[in-house]
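Each chain gets a letter, A, B and so on, in the order its sequence line appears, and its residues count up from 1. Predicted model, so just to flag it, every value in this text is computed and none were measured.
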Amino acid sequence: MTAKNTLFKLVFNFILLLFSFGFLSNLHAEKKEEFNVNEMIMHHVKDAHEWHLWGSEHDGVSLYLPVILYDKEFKVFNASYFYHGIHESQKDAKTGEIFTFYKGVGLAEGYALFHEKIYKLEEGKIHFKEGHPHNEKPLDLSITKNVLSLFIGVFLILLIMLSTARFYNKNGAVSPKGIAKFIEPLILFVQDDIAKANIGEHKYKKYVPYLLTAFFFILLNNLLGMVPILPGGANLTGNISVTLFLAMCTLVLTVFSGNKNYWRHIFATPGVPIPILIIMVPIEIVGIFTKPIALMIRLFANITAGHIIILALISLIFINKSIAWSALSVPMALFISILELLVAFLQAYLFTMLSALFIGAAVEEEHH
Amino acid sequence: MDLILPDYGLLFWTGLVFCLLLFLLAKYAWKPILNAVNAREQKIQEALDLADKTRAEMQELQAENEKILKEARSERDALIKDAQEIANKLVDEAKNKAKIEATKIVESAKVIISMEKAAALKDLKNQLAGYSLSIAEKIVRGDLASDEKQKALANKLADDINMN
């Protein structure tokens, strides 16, 4: 018992250490920079090793996240070793442009953080060439802002769905109450209007779990992304890595559930003469991949665009340095936010619906 | 540029977490929820079917009831009609019988009366004859008390006979 407790304490302390709150270093406080819209928006839209909470420069408060690197061996430390490390500037070898980055100290010794990417230092330096560092990058498996947001989102989904499931386990086949009343129509919508409608009466059952999971994963993370503060604010579903993975799932499902009819339509489309098939087959093969790629880009672009528009509208106030602009930018940002609520549902629907459509095309039986 | 370049770390975590989520939800959420919902749907469908069936049965029953009621009504009407006819017949019969009986009684009474009358008349005649004889005897006895009177009577009788 005590051994277990000690182990638990150790792990807990370790986790506590990995997530540490901190104030941004005052190192670059001396040179007050102009408000850079592009930088601000990109910073919010992209992944980071910290979760910025409020304030900036002198009084910025951030949650620093754990960094996990694999560079011959696993290295785990808090990102504050970068953010509270040495702020250094270096010249580009070709253009002469000056870049600033964080040089890690302590456990992060030998690594540097530039634009939220971790590089291995070579002779204590980053070699910039035409705006890009040419240093080696260790495999970065850090719990970044997006990964933490992913954990929070998945935790929420599990919480919601398991409590819904508990309701049915407890009460059997009764009319829904409480959270089940809200969730059930969505589940039924995915099952009946997305899966059954696009895949077909006889084969849809196998794909419902994936479609449901994808739908709620996208929906909840879209919605979380719209919450401006912790636990929201990360641009998870607007990150190409996440949409890439989801699209890959659909691709794998489509390819592996493709029946004879599906493959014949790709490699030997009935009624097409052989000389034309020589042109058609490569196009059809490309077509297998363009569909999930379109899925990937659609979700990524829609969600990222929504974040960018809202941030740009709010930035109007800071660009013009006048609070009077809020009379215009706040209503517009509010309008876009409401639009984004719709988009959050729409994109979750579109992704699942199109996935179901592609799967449906792959399992479709031959028509006579 | 790195906005549209996938990040291996996030890709790894997304894959791991999504697969775990898919597994957990499929096992502990979607299965019980969909089972319950589909079972309920079936239950509702069955209940609806049963309601439809029951309604049809009810309608059939109602129609049958109405039919039976109608039949009963017509039967009742027929019965009443028959009864009335019988009653009428009975009354008529009784009336006729009574009439005949009455005439019979009257007739027999008449016969008896006439018989009695005849008897009475005969009796009366007999009595009268008796009285007449006795009177005549008396008269004759008185008339024959003397010779003269016998002569006068004889004359008178002879006169009467002549006159006749």
Side-chain angles (χ1 to χ4, degrees), chain A residues 42 45-47 68 115-117 132 137 139-144 146-147 150-151 153-154 157-158 160-169 171-176 180 183-184 187-188 191 205 208-210 212-214 216-217 236 238-246 248-249 297 300 304, chain B residues 1-70:
Chain A
M42 280 304 140
V45 161
K46 281 198 226 165
D47 210 353
I68 303 167
H115 278 185
E116 296 301 338
K117 291 247 185 285
H132 296 292
K137 276 197 278 186
L139 182 60
D140 184 3
L141 296 175
S142 305
I143 310 297
T144 57
N146 276 336
V147 176
L150 174 78
F151 290 164
V154 164
I157 295 172
L158 280 174
I160 294 166
M161 293 310 160
L162 292 182
S163 59
T164 306
R166 200 168 51 233
F167 171 82
Y168 288 106
N169 279 337
N171 300 303
V174 295
S175 58
I183 296 301
E184 198 200 289
I187 291 176
L188 283 182
Q191 185 198 232
K205 278 229 159 81
V208 169
Y210 167 68
L212 274 171
T213 310
F216 284 105
F217 181 84
L236 184 67
N239 191 296
I240 200 96
S241 310
V242 175
T243 61
L244 171 69
F245 178 77
L246 290 170
M248 252 159 45
C249 287
I297 293 173
F300 154 75
T304 301
Chain B
M1 189 57 195
D2 34 319
L3 188 66
I4 54 163
L5 280 178
D7 177 77
Y8 297 115
L10 186 55
L11 193 63
F12 164 74
W13 286 111
T14 308
L16 183 73
V17 167
F18 187 83
C19 290
L20 267 173
L21 180 73
L22 180 60
F23 171 74
L24 286 175
L25 285 182
K27 195 163 178 197
Y28 299 110
W30 306 141
K31 211 169 142 194
I33 292 172
L34 289 176
N35 279 350
V37 167
N38 291 335
R40 197 188 63 211
E41 204 170 308
Q42 209 171 348
K43 217 163 97 182
I44 290 170
Q45 195 51 51
E46 273 165 18
L48 281 175
D49 288 348
L50 189 71
D52 274 349
K53 215 174 113 190
T54 313
R55 197 179 298 139
E57 265 171 22
M58 277 278 288
Q59 235 151 18
E60 220 168 86
L61 217 68
Q62 220 158 15
E64 212 165 297
N65 274 354
E66 216 142 284
K67 211 174 113 194
I68 289 171
L69 215 69
K70 218 167 153 186

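- Between the CG atom of A/Leu236 and the OG1 atom of B/Thr14 there is a distance of 6.0 Å, given to the nearest 0.5 Å.
- The two residues A/Pro209 and B/Leu22 come nearest to each other via the heavy atoms O-CD1, 3.6 Å.
- A/Phe300 places a side-chain heavy atom less than 4.5 Å from the side chain of B/Leu3.
- Ranked by heavy-atom pairs under 4.5 Å with chain B, the first of A/Leu212, A/Val45, A/Asn146 is A/Leu212.
- The number of heavy atoms from other shown groups lying within 6.0 Å of OH (B/Tyr8) does not exceed 12.
- Checked by atom type and distance alone, the side chain of A/Ser241 never pairs as donor or acceptor with a backbone atom of B/Leu10 at under 3.5 Å.
- Contacts with chain B were tallied for A/Asn169, A/Val242, A/Asn239, A/Ile183; A/Val242 has the most, counting heavy-atom pairs under 4.5 Å.
- Separation of atoms CD (A/Glu116) and CG (B/Asp7) is listed at 11.0 Å; rounding is to 0.5 Å.
- The minimum heavy-atom distance linking A/Ile240 with B/Ile4 is given by the pair CG2-C, 3.9 Å.
- Contact annotation for A/Phe167: neither backbone nor side-chain heavy atoms come within less than 4.5 Å of a heavy atom of chain B.
- Residues of residues 62-70 of chain B lying under 4.5 angstrom from chain A, judged on non-hydrogen atoms, do not exist here.
- Of the listed residues B/Leu24, B/Leu21, B/Leu25, the one with more heavy-atom pairs under 4.5 angstrom with chain A than any other is B/Leu21.
- Only the side chain of B/Phe12 comes within less than 4.5 Å of a heavy atom of chain A; its backbone N, CA, C and O stay farther away.
- Counting heavy atoms from C-beta on, the side chains of B/Phe18 and A/Thr213 come closer than 4.5 Å.
- In this structure, chain B has heavy atoms under 4.5 Å from both the backbone and the side chain of A/Leu141.
- A/Leu246 touches chain B through its side chain: at least one heavy atom from C-beta onward sits under 4.5 Å away, while N, CA, C and O do not.
- Smallest separation of non-hydrogen atoms from B/Trp13 and A/Leu150: O-CD2, 3.6 Å.
- Of residues 30-42 of chain B, those residues with a non-hydrogen atom less than 4.5 Å from any non-hydrogen atom of chain A are, in numerical order, B/Trp30, B/Pro32, B/Ile33, B/Leu34, B/Ala36, B/Val37, B/Asn38, B/Ala39, B/Arg40.
- Most heavy-atom pairs under 4.5 Å with chain B: of the set A/Ser163, A/Gly172, A/Gly238, A/Ser175, this distinction falls to A/Ser175.
- Contacts between A/Thr164 and chain B at a heavy-atom distance below 4.5 Å involve backbone atoms as well as side-chain atoms.
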